[in-house]
Amino acid sequence: MQERQSTPRSSRNGRWKVNLSFYRPLLKEQANAAEYPREFLGVALPEQPNKYYFVIRQHRLVLEADLAIQTIMEKLQSYKTRVAIIFEGFQYQLGDFRLRVGKVVPVHSENLRGIIMEIEYLPISSWEKSHRIMGEFHDILQEALSK
């Protein structure tokens with residue numbers, strides 16, 4: 001009797017959505033320009049509904065703040081949103097992998113700006129451990145896309 005291997009089944013786990021904003025400073029005096037980051041990113045994640053994250057790329061910093069920081073920045077008029085983008089779509093589970101596929105649209109528009117795909121290998125929590133397997137996956141994906 002031959003033993004039959006079962007393949008992992010995929011399941012749709014619902015929708016996901018991420019808001020991303022590009023901020024720039026509103027300077028009253030150009031002399032103070034060096035004191036403030038030129039620009040930074042703000043990210044609201046559905047997994048952390050009460051948090052807001054800032055990415056200051058020029059200093060390679062990620063800061064965590066309470067969600068109310070957006071209202072504070074608006075009232076202080078220290079930074080202005082230059083561009084706001086929404087990433088949204090569906091999330092699937094396939095064995096040890098989570099796949100998110102979706103569209104990229106500006107906040108106040110329905111014009112499609114792009115398509116996004118995110119693959120997460122769940123059992124391994126550190127980047128160092130998962131680097132090899134994800135590198136191999138990336139190579140296979142690049143080969144398939146080049147054909």
Side-chain angles (χ1 to χ4, degrees), residues 8-147:
R9 304 190 89 207
S10 67
S11 65
R12 190 158 121 182
N13 291 15
R15 298 187 61 82
W16 63 274
K17 181 178 181 180
V18 174
N19 294 333
L20 178 80
S21 298
F22 292 89
Y23 291 96
R24 65 177 173 82
L26 292 172
L27 300 174
K28 308 223 182 334
E29 298 175 21
Q30 289 298 341
N32 296 337
E35 294 180 29
Y36 302 99
R38 264 192 339 244
E39 63 181 21
F40 59 86
L41 303 172
V43 181
L45 301 170
E47 296 89 19
Q48 300 287 330
N50 297 324
K51 301 288 183 187
Y52 197 72
Y53 297 91
F54 295 106
V55 179
I56 304 173
R57 295 185 316 185
Q58 70 192 61
H59 298 293
R60 296 181 178 204
L61 287 175
V62 176
L63 304 171
E64 180 182 290
D66 189 88
L67 192 60
I69 192 70
Q70 291 177 290
T71 307
I72 294 168
M73 285 176 34
E74 191 176 298
K75 287 183 180 182
L76 290 175
Q77 295 182 348
S78 56
Y79 281 87
K80 181 179 180 173
T81 304
R82 191 174 74 187
V83 177
I85 299 172
I86 297 173
F87 300 85
E88 63 181 342
F90 292 98
Q91 179 172 284
Y92 302 89
Q93 190 83 30
L94 176 61
D96 293 341
F97 292 90
R98 177 185 299 145
L99 171 67
R100 290 180 174 164
V101 180
K103 63 182 181 174
V104 181
V105 294
V107 167
H108 300 293
S109 173
E110 286 297 316
N111 295 333
L112 183 68
R113 298 297 298 229
I115 297 172
I116 186 168
M117 180 173 79
E118 174 188 80
I119 299 171
E120 182 178 1
Y121 184 60
L122 299 171
I124 298 177
S125 60
S126 75
W127 182 85
E128 292 83 12
K129 292 178 182 177
S130 65
H131 179 69
R132 196 176 109 233
I133 191 169
M134 294 311 290
E136 290 174 13
F137 172 79
H138 182 262
D139 293 344
I140 293 167
L141 179 64
Q142 289 292 39
E143 183 181 323
L145 292 175
S146 69
K147 294 177 181 177

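Keep in mind the model is a prediction, meaning the values are calculated, not measured.
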[atom1] of [X]: more than 12 outside heavy atoms within 6.0 angstrom?
{"X": "I115", "atom1": "CD1", "value": "no"}
{"X": "E110", "atom1": "CD", "value": "no"}
{"X": "R15", "atom1": "CZ", "value": "yes"}
{"X": "E74", "atom1": "CD", "value": "no"}

What is the distance from atom [atom1] of [X] to atom [atom2] of [Y], rounded to the nearest 0.5 Å?
{"X": "L45", "Y": "F87", "atom1": "CG", "atom2": "CZ", "value": "11.0 Å"}
{"X": "K17", "Y": "N19", "atom1": "NZ", "atom2": "CG", "value": "5.5 Å"}
{"X": "I116", "Y": "K103", "atom1": "CD1", "atom2": "NZ", "value": "13.5 Å"}
{"X": "L76", "Y": "I69", "atom1": "CG", "atom2": "CD1", "value": "8.0 Å"}
{"X": "K80", "Y": "R24", "atom1": "NZ", "atom2": "CZ", "value": "5.5 Å"}
{"X": "L99", "Y": "Q91", "atom1": "CG", "atom2": "CD", "value": "9.0 Å"}

Classify the ring geometry between F90 and Y92 as parallel (under 30°), tilted (30 to 60°) or perpendicular (over 60°).
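Because their plane-to-plane angle lies in the 30° to 60° range, the rings of F90 and Y92 count as tilted.
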If you take all heavy atoms of [X] and [Y], which pair is closest and at what distance?
{"X": "F54", "Y": "A65", "answer": "CE1-CB, 4.0 Å"}
{"X": "V18", "Y": "P46", "answer": "CG2-CD, 4.1 Å"}
{"X": "L67", "Y": "K51", "answer": "CD1-O, 3.9 Å"}

Let's go through E118 and W16 carefully: what are the C-alpha distance in whole Å and the side-chain angles of both, what is the deciding distance for side-chain contact (heavy atoms from CB on, under 4.5 Å) to 0.1 Å, and is it a yes or a no?
CA-CA 11 Å; E118 174 188 80; W16 63 274; 6.0 Å; no
Report yes if some heavy atom in the side chain of L41 is under 4.5 Å from a heavy atom in the side chain of F22; otherwise report no.
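Yes; the side chains approach each other to less than 4.5 Å.
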Would a 4.5 Å heavy-atom cut-off, applied to side chains only, mark Y23 and Q70 as touching?
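The answer is yes, as the side chains (C-beta and beyond) meet within the 4.5 Å cut-off.
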Would you call E39-R57 a salt bridge at under 4.0 Å N-O?
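A salt bridge links E39 with R57.
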Between R100 and E47, does any side-chain N to carboxylate O distance fall below 4.0 Å?
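Looking at E47 together with R100, the answer is yes, because their closest N to O distance falls below 4.0 Å.
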